[in-house]
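First the structure, in the form of structure tokens, and then the observations on it.
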Amino acid sequence: MTDKKLVVGAVLPPLIVIAYSLLFKVDPITTLLHLSPYFTLSFFLAYLASNAVASVRDALLAKVPYSVAFKARLLGNAVGLVIPGALGGDLTRAVVYSKSVKLKLDEAFAISTVSAFYDVVIGSLMYLLLLIVQPKPLDVIFTLVALANILFWLTVIGYFAGTAGGKKNRLERLIFEKLQNYPEIERAYFRAKEIIKTKNSPLRAILFSLLTVAEFAIQATPLVYLFEYDYLVALLVNQLYFVSLLVLIPAGSVSSEFALSTVLPPNLAISLRTLELAAFALGFVFIKEINLKHLQEELRRYGEVFKRAQPRTGG
């Protein structure tokens with residue numbers, strides 16, 4: 001069943017692009033060929049440059065070499081094409097960090113989650129602040145998506161950071177009473193809380209937020225070509241596209257095409273979407289950074305716990 005879901009996740013984005021092209025009678029190949037080669041080149045360069053800036057933040061967070069953070073970010077983006085949410089890009093980055101600096105997987109995943117927190121919250125806030133530039137009726141849909149994500153992440157990260165280092169609260173006691181046979185899971189949970197707290201000190205939060213703003217600002221630069229060199233509109237569209245990817249569908253299929261269609265004609269919307277998918281797919285060149293043997297060894301620690309917890313049989 002898992003393999004089938006992965007196959008569906010992998011083929012869904014291109015299928016939606018094809019369906020969109022047929023619906024609006026757009027030839028995506030011809031449209032791409034008609035784009036200025038300077039725009040196409042600048043698009044891919046801006047994608048790499050924005051991820052290079054984000055990798056500075058990731059390297060500081062995870063305390064890994066910059067090259068490792070950069071590869072992890074690109075590969076995480078690529079895996080996110082197939083598996084949405086935390087189990088896609090965030091887990092992929094955690095696996096690469098864990099392999100590089102011998103972190104436990106749960107610690108690396110906590111760090112990767114903090115990185116995702118800045119992307120989602122800062123990216124969504126930028127979108128909401130930029131709505132004044134060119135408001136449209138359909139903005140209400142993505143406004144709700146942005147607000148929901150901001151509220152969710154602030155609540156989760158705030159709870160973890162605010163309760164780290166203290167005794168178990170009532171909710172935690174209830175949960176871990178039911179998981180008393182799984183001590184490794186309990187230890188991983190409290191390690192994650194400590195990591196999230198220490199990685200979000202006030203000075204760090206300011207630095208990481210500024211790096212995240214720079215990430216998105218660079219990412220938007222090629223779009224000025226599509227909007228008569230109006231940078232604020234280009235940045236708004238960039239953030240709109242980002243928010244559309246927060247819908248938990250592989251690669252934001254359907255939601256991203258819909259979002260781009262609200263601001264661009266069909267031919268440009270499909271061209272931009274195709275370029276985005278191609279840019280994300282570049283990360284697959286680092287697929288060997290995912291060491292399945294290492295991942296199995298990390299997960300085996302939790303598997304042994306579950307094995308011990310199974311009821312005994314026989315006399």
Side-chain angles (χ1 to χ4, degrees), residues 2 4-21 23-24 47 50-51 54 73 75-93 112-113 115-131 134-157 212 215-216 219-220 223 235-264 266 268-281 283:
T2 301
K4 290 181 180 179
K5 289 181 179 178
L6 289 176
V7 170
V8 171
V11 302
L12 184 60
L15 283 179
I16 296 300
V17 168
I18 292 170
Y20 183 94
S21 301
L23 178 64
F24 290 98
Y47 173 76
S50 65
N51 279 277
R73 174 146 290 272
L75 181 57
N77 292 346
V79 174
L81 290 173
V82 182
I83 307 173
L87 293 181
D90 296 342
L91 181 58
T92 298
R93 285 188 281 273
S112 182
T113 301
S115 176
F117 163 76
Y118 283 99
D119 276 333
V120 173
V121 172
I122 299 301
S124 297
L125 283 173
M126 289 175 67
Y127 169 69
L128 295 176
L129 291 173
L130 287 161
L131 283 175
Q134 195 179 79
K136 294 179 180 295
L138 290 175
D139 288 338
V140 66
I141 297 172
F142 295 103
T143 296
L144 292 175
V145 172
L147 288 172
N149 275 275
I150 291 170
L151 180 61
F152 171 80
W153 280 93
L154 287 177
T155 300
V156 171
I157 297 298
T212 307
E215 168 196 354
F216 288 118
Q219 195 177 81
L223 301 184
L235 185 57
L236 169 62
V237 172
N238 187 74
Q239 299 315 114
L240 168 64
Y241 182 80
F242 170 76
V243 170
S244 74
L245 296 179
L246 298 178
V247 179
L248 290 180
I249 305 174
S253 296
V254 180
S255 62
S256 57
E257 285 84 4
F258 174 70
L260 290 174
S261 298
T262 65
V263 291
L264 287 168
L268 289 179
I270 202 64
S271 294
L272 192 58
R273 174 62 170 158
T274 304
L275 288 176
E276 285 280 1
L277 291 176
F280 275 45

From CG (Leu235) to CG (Leu130), nearest 0.5 Å: 4.5 Å
CD1-CG distance between Ile150 and Leu125, expressed to the nearest 0.5 angstrom: 4.0 Å
Could you tell me whether the side chain of Ser112 and the main chain of Asp90 form a donor-acceptor pair under 3.5 Å? yes
Between Ser124 and Val121, is there a donor-acceptor pair closer than 3.5 Å when you use the side chain of the first and the backbone of the second? no
Do any N or O atoms from the side chain of Asn149 and from the backbone of Ala146 form a donor-acceptor pair under 3.5 angstrom? no
Tell me, do Leu246 and Phe152 make a side-chain contact under 4.5 Å, heavy atoms counted? no
Can you tell me how far the CD atom of Glu276 sits from the CG atom of Asn238, to the nearest 0.5 Å? 7.5 Å
Looking only at heavy atoms, which two atoms of Asn77 and Tyr47 are closest? And how far apart? ND2-OH, 3.0 Å
Please check if the distance between the ring centroids of Tyr127 and Phe142 is under 6.0 Å. no
Using a 3.5 Å distance criterion without hydrogens, assess whether the side chain of Ser255 forms a donor-acceptor pair with backbone atoms of Ser244. yes
If you apply the rule side-chain contact (heavy atoms from CB on, under 4.5 Å), what do you find for Leu129 with Gln239, and how did you get there? CA-CA 10 Å; Leu129 291 173; Gln239 299 315 114; over 6 Å; no
Is there side-chain contact between Ser50 and Phe216, with at least one heavy-atom pair below 4.5 Å? no
Do Phe117 and Thr212 pass the side-chain contact (heavy atoms from CB on, under 4.5 Å) test, and can you show the C-alpha distance, the side-chain angles, and the key distance before you say yes or no? CA-CA 10 Å; Phe117 163 76; Thr212 307; over 6 Å; no
What distance do Phe258 atom CZ and Leu138 atom CG have between them, rounded to the nearest 0.5 Å? 4.5 Å
Heavy-atom closest pair (Gly76 atom, Arg93 atom, distance to 0.1 Å) is CA-NH1, 3.9 Å
If you measure from CD on Gln134 to CG on Leu240, what distance do you get to the nearest 0.5 Å? 10.5 Å
Gap between atom OG1 of Thr274 and atom CD of Glu257 - 0.5 Å precision: 8.5 Å
Provide the closest heavy-atom pair for Gly283 versus Leu75 in the form atom of the first, atom of the second, distance. O-CD1, 3.5 Å
